[in-house]
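Below is one structure; the comments refer to it alone.
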Amino acid sequence: MIRVLLAEDMHMIRSALVALLRLESDIEVVAEVVRGDEIVPAALRSRPDVAVLDIDLPGVDGITASVELRERLPGCRVLVLTALGRPGQVRRALGCGIEAFLVKDAPGDRLADAVRRTAQGLRVLDPELVAAAMEYGSSPLTPREREVLAEAARGAPAEEIAARLHLSSGTVRNYLTGAIAKTGARNKVDAIRIAQDAGWI
């Protein structure tokens with residue numbers, strides 16, 4: 001029996017995925033969560049063989065959660081659910097060592113097969129998804145620029161970002177200006193959108 005943890009914040013989608021998996025005699029859904037920061041605690045309690053994670057989750061994104069999950073529960077393999085529209089996130093996930101991806105609009109019968117293959121340690125990669133991810137290239141942003149832009153994406157003003165990252169407000173503004181220039185954005189909001197679409201933050 002393959003034990004599965006499922007992380008999906010949209011109730012109808014999560015219910016549909018659970019229903020699909022429960023049709024399989026060799027798969028058991030042992031935990032369901034709606035937030036990324038619930039994944040590791042739930043996994044430590046339920047000890048799944050495979051964690052099926054939406055890439056976009058509140059709290060902590062699926063990629064970040066998967067890295068912590070592999071550290072805390074090395075025997076649990078990760079299958080990421082993603083959309084073709086966010087290939088940069090797939091590139092980021094590949095860089096973090098995730099080797100199993102399923103496109104969200106894939107036919108329903110592919111989910112169980114992907115779970116089985118992931119449990120066996122096999123790669124589950126959609127060629128079209130990987131090709132799209134490779135087109136994006138690597139991030140032009142420095143680690144600090146990514147960090148400052150990610151804080152700005154959460155709506156934090158420069159002064160709050162400065163306090164949190166132990167920088168001056170002027171330095172934060174300089175990092176934001178650099179991020180805007182490197183992403184080719186018109187402004188901070190545009191830079192955040194570009195970086196999020198590319199999976200850089």
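Excluded from the calculations below are hydrogen atoms, water molecules and symmetry mates; all remaining heavy atoms, backbone and side chain alike, are included.
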Donor-acceptor contacts, no H, no angles, side chain residues 1-14, under 3.5 Å, sequence neighbours left out:
from  : atom 1 : to     : atom 2 : distance (Å)
Arg3  : NE     : Ser46  : O      : 3.4
Arg3  : NE     : Arg47  : O      : 3.3
Arg3  : NH2    : Ser46  : O      : 2.4
Glu8  : OE1    : Lys104 : NZ     : 3.4
Glu8  : OE2    : Met10  : N      : 2.9
His11 : ND1    : Arg14  : NH2    : 3.1
Arg14 : NE     : Glu32  : OE1    : 3.4
Arg14 : NH1    : Glu8   : O      : 2.9

| said: Side-chain heavy atoms nearer than 4.5 Å, only ILVMFWY residues, links allowed to pass through others: does that put Val115 and Val30 together? | reply: no

| query | Taking it one step at a time, do Asp113 and Arg116 satisfy salt bridge (Lys or Arg N to Asp or Glu O under 4.0 Å)? | reply | CA-CA 5 Å; Asp113 181 59; Arg116 291 185 188 101; 5.3 Å; no

| said: Nearest 0.5 Å, please: how far is CD1 in Ile98 from CG in Leu125? | reply: 11.0 Å

| request: Identify the two heavy atoms, one from Val34 and one from Leu57, that lie closest to each other, and give their separation to 0.1 Å. | output: O-CD2, 4.0 Å

| remark: Between Ile39 and Ala65, the two heavy atoms sitting closest are CD1-CB, 3.6 Å

| request: Measure the CD-CZ distance between Glu99 and Arg117 for me, rounded to the nearest 0.5 Å. | output: 12.0 Å

| message | side chain to side chain contact (heavy atoms under 4.5 Å, CB included), that's the test. Do Arg144 and Leu167 meet it? Break it down for me. | response | CA-CA 11 Å; Arg144 196 55 125 174; Leu167 301 169; 3.7 Å; yes

| request: Is it possible for you to say whether Val40 and Val33 belong to one hydrophobic cluster, with membership spreading through side-chain heavy-atom contacts below 4.5 Å? | output: yes

Please table the atom pairs, donor to acceptor, closer than 3.5 Å between any side-chain atom in residues 179-186 and protein atoms at least two apart or in another chain.
from   : atom 1 : to     : atom 2 : distance (Å)
Lys182 : NZ     : Glu145 : OE1    : 3.0
Lys182 : NZ     : Glu145 : OE2    : 3.3
Thr183 : OG1    : Ala179 : O      : 2.8
Thr183 : OG1    : Ile180 : O      : 3.2

| task | Calculate, to the nearest 0.5 Å, the distance between atoms OG1 and CG belonging to Thr82 and Asp54 respectively. | result | 8.0 Å

| remark: Output for pair (Asn187 CG, Thr177 OG1), nearest 0.5 Å, gives 11.5 Å

| field | Atom of Pro48, atom of Ala43 and distance for their closest heavy-atom approach | value | CD-O, 3.4 Å

| task | State plainly whether one hydrophobic cluster holds both Leu81 and Leu53, where clusters connect Ile, Leu, Val, Met, Phe, Trp and Tyr through side-chain heavy atoms under 4.5 angstrom apart. | result | no

| message | Do Leu21 and Leu111 make a side-chain contact, defined as non-hydrogen atoms from C-beta onward lying under 4.5 Å apart? | response | yes

| request: Would you name the heavy atoms of Ala153 and Gln196 that are closest together and state the gap between them? | output: CB-NE2, 3.7 Å

| message | As a test of understanding, state which of Glu151, Glu147, Glu159 forms a salt bridge (Lys or Arg N to Asp or Glu O under 4.0 Å) with Arg164. | response | Glu151

| Intermediate values then yes/no, side chain to side chain contact (heavy atoms under 4.5 Å, CB included), Tyr175 and Leu149 | CA-CA 8 Å; Tyr175 281 128; Leu149 201 58; over 6 Å; no

| query | Minimum heavy-atom separation for Ser169 to Ala162, with atom names? | reply | N-CB, 3.8 Å

| message | With clusters defined by side-chain heavy atoms of hydrophobic residues (ILVMFWY) lying less than 4.5 Å apart, directly or transitively, does Leu73 cluster with Val60? | response | no

| query | Are any side-chain N or O atoms of Glu160 and backbone N or O atoms of Pro157, one a donor and one an acceptor, separated by less than 3.5 Å? | reply | no

| Path from Ile55 to Leu102 over hydrophobic side-chain contacts below 4.5 Å | no

| field | Passing candidate, side-chain contact (heavy atoms from CB on, under 4.5 Å) with Val78, options Val52, Ile63, Val67, Leu69 | value | Leu69

| said: Restricting to non-hydrogen atoms, name the atom on Leu79 and the atom on Val50 that form the minimum distance, rounded to 0.1 Å. | reply: CB-CG1, 4.3 Å

